[in-house]
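Some notes on the structure that comes next.
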Amino acid sequence: QGDSGEGLFTTFREFKPGTMDAIFDSWAKLRWCTFVEPYNIYSGDEVTLEVVLSNEDQLQTGDYAARVWVFGPENQKIFEKDFIVTIPEGEPSFALPVFQQNIAVSGPTGKYRLVVSFTESGAAAGEESEFYVLNKSEMPPVASEVVLWGEDAELERWLKENKITWREFDASVPVETKQLILAGAGAAAPGGEAAFADLTRRIENGSDVIFLNHEIFQQDQDTTAFLPLAKNKGKFGTQEQWVYHTNQWAANHPIFDGLQRGGLMDYTYYREIVPDKYLMEVDKPAEVIAGGNNVTRCTISSGLMCAIFERGQGRFLVNTMLVRENLDKVPQADRLLRNMINYMAIGK
């Protein structure tokens, strides 16, 4: 690519860092293709290990001994199993499934690796995939009471099952009463402008609010109609995700305690959490927590995935990450919500 540095070279005609290693690995004539699902689990849960051999006329017909391992964050062996790769007679398949098994993985929080290798002959590239385990015993306790604003059966169930003290929103409670309010799938009755006007008054009088679902702010085509900002509400929009893509990042902030933070978000670790919507064209919030930037030759854009704004005596957290959608499914979502509650409860 002549003027944009899209390919293997920079615009100064120098190889990009890691280019040769990537080409050598991806074009290897004999290569292990390893898969783990799901990428993110609690200790004790099951994962599916799968190995496919890419063989471009490298192995002759016959049986080849191989071994698969799972290693923990300190390179401790979690699982080991021998298996046989059989190359049949005739025209060999380019992609040959050779191993699949479900196993329960127990161990400390951290990065785990699925590794595979021939044990007697054959030198294949590839060899490993990573996944992440989080131990439930390390989840931070939530001591503060939350007020659930609006009907949300799934969020209510999560609060109950995790023994988090909560109660339903009561519009008769004076607006001067400071509360930690959790807004889920929809607005509280009567909904619309009246519901958000009441909630805004509560924020101004010192209540703090966690908004898990950015879609509740929308009215008709206005994506931020009910966002409780006095001015410059911006919009919830998308950023390009193709050759020119957005880089998501997480700040070194207590909302990300116990999780990867302080830089670009690992796409394996945050695969289910990264959204396609961002709060854009808005004034700088009180606290910037997570977002995404697209700084390419075609477009330059940026947006927020998680931020805290102030209004009057109170604060509110706006979130577009897919936290609520992945509660009880992805450990990172559970940890993020606990962290949000604990952080927003400070001073209450």
Side-chain angles (χ1 to χ4, degrees), residues 147-152 155 169 171 175 179-241 246-251 253 255 265 273-295 299-326 333 336-337 340-341 343-344:
V147 175
L148 186 57
W149 188 76
E151 292 188 10
D152 191 328
L155 193 52
F169 174 74
V175 295
Q179 304 175 94
L180 176 56
I181 299 171
L182 179 60
E193 185 175 353
F196 279 95
D198 174 79
L199 187 60
T200 300
R201 287 192 294 271
R202 295 179 187 277
I203 296 171
E204 291 173 337
N205 281 277
S207 287
D208 289 343
V209 181
I210 300 169
F211 290 106
L212 288 182
N213 175 24
H214 70 279
E215 294 179 350
I216 66 174
F217 300 123
Q218 183 160 348
Q219 183 182 45
D220 299 326
Q221 300 303 310
D222 187 351
T223 59
T224 57
F226 299 131
L227 186 66
L229 287 174
K231 58 182 180 178
N232 193 20
K233 296 183 179 184
K235 66 177 183 179
F236 289 102
T238 59
Q239 300 188 70
E240 289 186 336
Q241 294 285 40
T246 302
N247 292 309
Q248 291 84 9
W249 49 265
H253 191 278
I255 294 295
M265 299 175 84
I273 304 298
V274 171
D276 63 354
K277 290 293 178 66
Y278 303 83
L279 179 57
M280 308 170 73
E281 301 174 14
V282 69
D283 288 339
K284 182 180 177 180
E287 298 180 51
V288 175
I289 301 170
N293 298 333
N294 189 320
V295 286
T299 59
I300 297 177
S301 61
S302 62
L304 298 167
M305 300 188 297
C306 186
I308 295 174
F309 296 85
E310 295 176 346
R311 178 150 184 174
Q313 301 176 47
R315 305 173 298 164
F316 61 94
L317 182 151
V318 178
N319 167 73
T320 68
M321 294 183 292
L322 305 179
V323 172
R324 181 191 164 276
E325 296 85 343
N326 286 291
L336 279 168
L337 183 49
M340 288 176 181
I341 295 172
Y343 185 72
M344 295 296 286

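Atoms considered below: every heavy atom in the structure, side chains included; atoms not considered: hydrogens, waters and symmetry mates.
To the nearest 0.5 Å, the span separating CZ on F236 from OH on Y278 amounts to 13.0 Å. Interatomic distance, I210 CD1 to L317 CG, rounded to the nearest 0.5 Å: 6.5 Å. With rounding to the nearest 0.5 angstrom, the CD atom of Q219 is 3.5 Å from the CZ atom of F226. Residue Q248 holds its CD atom at 5.5 Å from CE of M305, rounded to the nearest 0.5 Å. Within the model, atoms CG of L304 and CE of M321 stand 11.0 Å from one another, a figure rounded to the nearest 0.5 Å. In this structure, N293 CG and S302 OG are separated by 5.5 Å, a value rounded to the nearest 0.5 Å.
Of all non-hydrogen atoms in T320 and L279, the two that sit nearest each other are CG2-N, 4.5 Å. Minimum interatomic distance between N232 and V282 (heavy atoms only, all atoms of both residues): O-CG2, 3.4 Å. Closest heavy-atom contact between F217 and P228: CE2-CD, 3.9 Å. Of all heavy-atom pairs spanning D152 and L148, the tightest one is O-CD2, 4.2 Å. Here the closest heavy-atom approach between residue L155 and residue G184 is recorded as CD2-CA, 3.8 Å. The minimum heavy-atom distance between A185 and E151, with the atom names listed, is CB-O, 4.4 Å.
Side-chain atoms of L227 and F309, non-hydrogen and from C-beta on, never get closer than 4.5 Å to each other. Here the side chains of I308 and P285 are not in contact, with every heavy-atom distance at 4.5 Å or above. F211 has its side chain within reach of V209: a pair of non-hydrogen atoms, C-beta onward, lies under 4.5 Å apart. At least one side-chain heavy atom of I255 sits under 4.5 Å from a side-chain heavy atom of I289.
Looking only at distances, a side-chain donor or acceptor of T224 sits under 3.5 Å from a matching main-chain atom of G234. With hydrogens and angles ignored, the 3.5 Å screen pairs no side-chain donor or acceptor of D208 with any backbone N or O of L180. Side-chain N or O atoms of Q239 include one that pairs as donor or acceptor with a backbone N or O of G292 at under 3.5 Å. Under a 3.5 Å cut-off, the side chain of S207 and the backbone N or O of Q179 do form a donor-acceptor pair. In this structure, N319 contributes its side chain and L212 its backbone to a donor-acceptor pair below 3.5 Å. Between the side chain of Q218 and the backbone N or O of D220 there is at least one donor-acceptor pair closer than 3.5 Å.
Ion pairing between D222 and K233 fails under the 4.0 Å rule for side-chain N and carboxylate O.
A cation-pi contact, defined as under 6.0 Å to the ring centre and within 45° of the axis, links R315 to Y343.
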**OP:** Mind running side-chain contact (heavy atoms from CB on, under 4.5 Å) on C306 and H253 for me, showing each step along the way?
**Re:** CA-CA 11 Å; C306 186; H253 191 278; over 6 Å; no
**OP:** Report the C-alpha distance between L182 and L337 in whole Å, list the side-chain angles of each, state the deciding distance to 0.1 Å, and finish with yes or no for side-chain contact (heavy atoms from CB on, under 4.5 Å).
**Re:** CA-CA 10 Å; L182 179 60; L337 183 49; 4.2 Å; yes
For a quick test of your reading: what N or O donor-acceptor pairs under 3.5 Å do the side chains of residues 188-203 make, sequence neighbours left out?
| unit_1 | atom_1 | unit_2 | atom_2 | d |
| --- | --- | --- | --- | --- |
| D198 | OD2 | R202 | NE | 2.8 |
| T200 | OG1 | F196 | O | 2.7 |
| R202 | NH1 | V173 | O | 2.9 |
| R202 | NH1 | P174 | O | 3.4 |
| R202 | NH2 | A171 | O | 3.0 |
| R202 | NH2 | V173 | O | 2.9 |

